[in-house]
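Read the structure below first, then the notes.
Residue numbers begin at 1 in each chain, while the letters A, B, ... track the order of the sequences. Both backbone and side-chain heavy atoms feed into the values below; hydrogens, waters and symmetry mates do not.
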Protein chains: 2
Amino acid sequence: MGTPLPRDPIADARLNWERHGWADVAAPMAAITAIMRTQQILLARIEGVLKPFGLTFARYELLALLSFARGGALPMNKASALLQVHPTSVTNAVDRLQGAGLVLRSPHPTDGRTTLIELTPEGRTLAKRATAVLNSEVFGQSGFAGQDVDQLIRILGTFRRNAGDFSD
Amino acid sequence: MGTPLPRDPIADARLNWERHGWADVAAPMAAITAIMRTQQILLARIEGVLKPFGLTFARYELLALLSFARGGALPMNKASALLQVHPTSVTNAVDRLQGAGLVLRSPHPTDGRTTLIELTPEGRTLAKRATAVLNSEVFGQSGFAGQDVDQLIRILGTFRRNAGDFSD
DNA sequence: GCAATATACTAGGACATCCAAGGGTTTGGA
DNA sequence: TCCAAACCCTTGGATGTCCTAGTATATTGC
């Protein structure tokens with residue numbers, strides 16, 4: 001990851017696709033590969049910022065979600081659905097966040113099956129501090145032009161809707 | 001991941017950002033979060049297609065890269081640089097591909113330090129078959145409009161260049 | 001020739017994800 | 001009312017990726 005490459009490897013892959021008779025899907029292949037690589041770059045930046053807080057991206061997302069929930073609490077299955085992750089991943093994340101004293105489990109008042117995840121004061125403080133750094137170090141310096149941000153939100157929003165993420 | 005949500009969770013997060021006084025970075029936050037989620041969806045599709053072939057995305061990428069290299073061989077460090085992954089990840093991928101008989105290691109003719117990864121005939125065949133299915137099942141049905149594909153390639157290409165991926 | 005550099009492997013650990021299975025709880029139809 | 005089906009969470013096991021060393025070997029530069 002040190003030195004920049006002399007050429008764009010994704011543009012090269014696209015040329016290879018076209019040369020091998022797959023010109024009809026070369027462009028979407030390049031777009032999808034670019035999304036994969038961009039995600040990798042962004043994730044590295046985000047995790048670099050979160051590391052000093054002892055958080056990973058998955059755990060930060062859960063913390064941030066709770067900080068916006070009324071009462072700072074949410075059922076596990078709600079969190080799983082909203083974050084679009086497997087229930088066992090939520091269990092794993094809550095285990096670690098609870099170990100760090102950032103959240104706690106409490107029984108649901110009416111439904112004995114579900115458990116609530118609740119933000120502790122420490123969790124709320126840490127979420128706020130981590131968000132502040134994330135805002136200034138990552139989101140505030142995304143490297144995307146303003147118009148391109150709008151384009152991305154529109155294009156990826158359509159994609160996610162078609163993929164069945166939401167029916168909005 | 002079953003039922004679509006009634007509302008777009010990323011749009012909701014953007015509203016929450018704006019309500020908490022972070023309106024200036026709410027849009028890039030939404031764009032970046034959308035990239036993360038889109039990558040997740042695409043990766044699931046890709047790995048679903050590759051699973052019957054006994055391949056993961058990382059291993060397929062290496063196989064595809066080799067299939068385009070002259071002689072079907074490439075030094076480990078070249079592959080690491082072109083795929084933008086950690087050298088130990090390449091070692092890991094090669095171990096498994098070699099175990100499956102898809103690639104083999106051979107000494108570099110002039111530089112005794114470097115080892116070449118070489119595609120076997122089986123590896124070349126499998127790469128071709130996997131690519132065919134990937135083209136028809138994923139890239140050919142990406143769900144992106146033609147113009148949006150061009151936008152993505154442009155926007156993400158600029159981003160990757162600025163991030164230091166290449167100096168093209 | 002000798003010291004720095006480069007390359008690849010090994011070992012160990014952290015992390016996220018998924019799957020299958022199981023126990024407790026609620027719901028709803030017979 | 002009662003029992004089967006559905007729901008919720010957890011556990012244990014398995015994959016897969018990435019990272020940080022440390023080691024051995026080979027090359028390059030002084």
Checklist entry - What string of B, S and - do you get for nucleotides 14-26 of chain D 5' to 3' if you count protein non-hydrogen atoms under 4.0 Å? => result --SBSBB-----B
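A distance-only check finds a donor-acceptor pair linking the side chain of A/Q40 to the backbone of B/Q84 [under 3.5 Å]. The main-chain N or O of A/A127 is found under 3.5 Å from a side-chain atom of A/T131 such that the two form a donor-acceptor pair. A donor-acceptor pair under 3.5 Å is formed between the side chain of A/Q141 and the backbone N or O of A/S136. Distance alone, capped at 3.5 Å, places no donor-acceptor pair between the A/T114 side chain and the A/P75 backbone. A donor-acceptor contact shorter than 3.5 Å is absent between the side chain of B/T115 and the backbone of B/R105.
The CG atom of A/L116 sits 16 Å away from the C1' atom of D/dT10 (whole-angstrom rounding). With rounding to whole Å, A/R105 atom CZ is found 9 Å from D/dC9 atom C1'.
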Item to check | Candidate pair A/D148 and B/R154, rule salt bridge (Lys or Arg N to Asp or Glu O under 4.0 Å), full reasoning | outcome: CA-CA 10 Å; A/D148 290 348; B/R154 178 186 63 76; 3.0 Å; yes
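Reading DNA chain C from its 5' end, the first and the last nucleotide to sit under 4.0 Å from a heavy atom of chain A are C/dC15 to C/dT26.
The residues A/E18 and A/R14 are annotated as salt-bridged, a charged nitrogen and a carboxylate oxygen being separated by less than 4.0 angstrom.
A/N16 and A/W22 share no side-chain donor-acceptor pair at under 3.5 Å.
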